[in-house]
Amino acid sequence: MPQTRYVEAVTRTAKGANHIVYAYRRVGPEGGRPLVLLQHFRGNLDSWDPDLIDALSTFRDVIVFDNTGVGATTGSTPTTIAHMADDAIVFAEALGLDRLDLLGFSIGSFVAQEVALTRPSLVEKLILASTAPQGAPGMHGWAPDIIDAIGGPTTDAEGFLHGFFTDSVASRAAGARFLTRISSRTQGRDVQTTWQTRNAQYDAVLKWGTPNFALLHRLDAIKQHVFIANGDSDRMILPWYSHLTASLLPHAFVKLYPDAAHGFLFQHAQTFAADVSGFLDS
């Protein structure tokens with residue numbers, strides 16, 4: 001049977017033990033160990049690049065979902081990464097998942113770290129895209145130009161390009177193509193994220209980024225193999241945090257993608273998907 005394209009995937013729901021009704025989409029062949037994705041700041045189901053999801057799901061069961069209070073999922077978005085991680089675990093339980101691979105992007109990468117620490121038996125392998133460890137110096141909020149670009153009541157195309165892509169002609173062109181792709185779904189689009197979600201998520205980012213060197217050593221408890229990725233010019237979460245995170249993990253390696261910023265995984269969707277698949281198959 002032909003693979004369902006992400007833009008055509010049906011939005012499903014699952015009710016968790018916390019009484020939250022989660023919205024999610026699932027594409028690719030079911031039956032193996034699924035790859036569950038955790039979304040970026042203010043993102044919903046339609047914020048994932050269809051090209052990336054289609055590439056990841058060619059030979060793999062891929063699940064994307066709105067966590068509590070985000071998009072079509074019920075409830076109010078919590079203000080801590082730990083609470084978000086607990087809610088992600090409840091979602092996995094609602095789907096009957098007892099072992100999975102986890103890919104977290106941006107704030108989702110913080111949640112992925114916390115899931116691996118809270119329920120290590122759930123996670124086989126971990127991919128952290130545009131990440132930083134809790135308590136790292138310089139992470140208490142994003143640069144003014146970044147939060148101005150993506151943190152207002154609405155984010156226009158220019159703001160998104162500034163926050164997620166570099167200023168080069170090639171990167172901005174890739175960004176424009178990405179914006180076209182995420183607008184290609186015409187029916188059954190997700191509910192837009194709210195101002196409550198924006199504020200709660202940024203509160204969580206600030207709490208995560210409050211400097212505390214003692215918290216850096218938490219990552220030594222993550223024993224899974226970890227692939228850490230970022231753009232070489234990320235202005236939101238600087239690339240050196242990828243190296244710092246890797247240095248704190250027992251089994252991690254880093255790849256930086258060229259002429260790319262926070263949205264490297266959309267700019268280099270095919271390459272990143274191939275790298276993820278190679279890592280998960282190794």
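Atom set for the values below is all heavy atoms of this structure, side chains included, hydrogens, waters and symmetry mates excluded.
Looking at Arg181 and Asp51, a side-chain N of the basic residue comes within less than 4.0 Å of a carboxylate O on the acidic one, giving a salt bridge.
At a threshold of 4.5 Å between non-hydrogen side-chain atoms, the residues Lys223 and Pro120 do not count as touching. A heavy-atom distance below 4.5 Å is not found between the side chains of Val115 and Asp86. Contact check for Leu103 versus Leu35: side-chain heavy atoms found under the 4.5 Å cut-off.
Asn199 pairs by the side chain to side chain contact (heavy atoms under 4.5 Å, CB included) definition with Trp195, not counting sequence neighbours.
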ring-ring contact (aromatic ring centres under 6.0 Å, His included) between Tyr257 and Phe264: does it pass, once the steps are laid out?
CA-CA 7 Å; Tyr257 293 75; Phe264 76 92; 5.1 Å; yes
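When each of Asp190, Asp46, Thr4 is paired with Arg25, the side chain to side chain donor-acceptor pair (under 3.5 Å) condition holds for Asp46 and for no other.
Note: Phe279 and Phe227 have tilted aromatic rings, judged against thresholds of 30 and 60 degrees for the angle between ring planes. Between Phe266 and Trp48, the ring planes are perpendicular. Angles over 60° get that label, and only those under 30° would be called parallel.
Enclosure of atom CD in Gln192 is not indicated, since only 12 or fewer non-hydrogen atoms of other residues, nucleotides or ligands lie within 6.0 angstrom. Residue Phe253 qualifies as enclosed at atom CZ: its count of foreign heavy atoms under 6.0 Å is above 12.
With a 6.0 Å cutoff to the six-membered ring centre and a 45° limit on the axis angle, Lys15 does not count as a cation-pi contact of Tyr22. For the pair Arg198 and Phe41, the cation-pi criterion (under 6.0 Å, within 45° of the ring axis) is not fulfilled.
Contact record, Met84 with Ala204: CE-CB, 3.7 Å, taken as the closest heavy-atom pair.
Hydrophobic clustering, with ILVMFWY side chains joined whenever heavy atoms are under 4.5 angstrom apart, keeps Val70 apart from Phe105. When the side chains of ILVMFWY residues are joined at heavy-atom separations under 4.5 Å, either directly or via intervening members, Phe59 and Phe272 end up in two distinct hydrophobic clusters.
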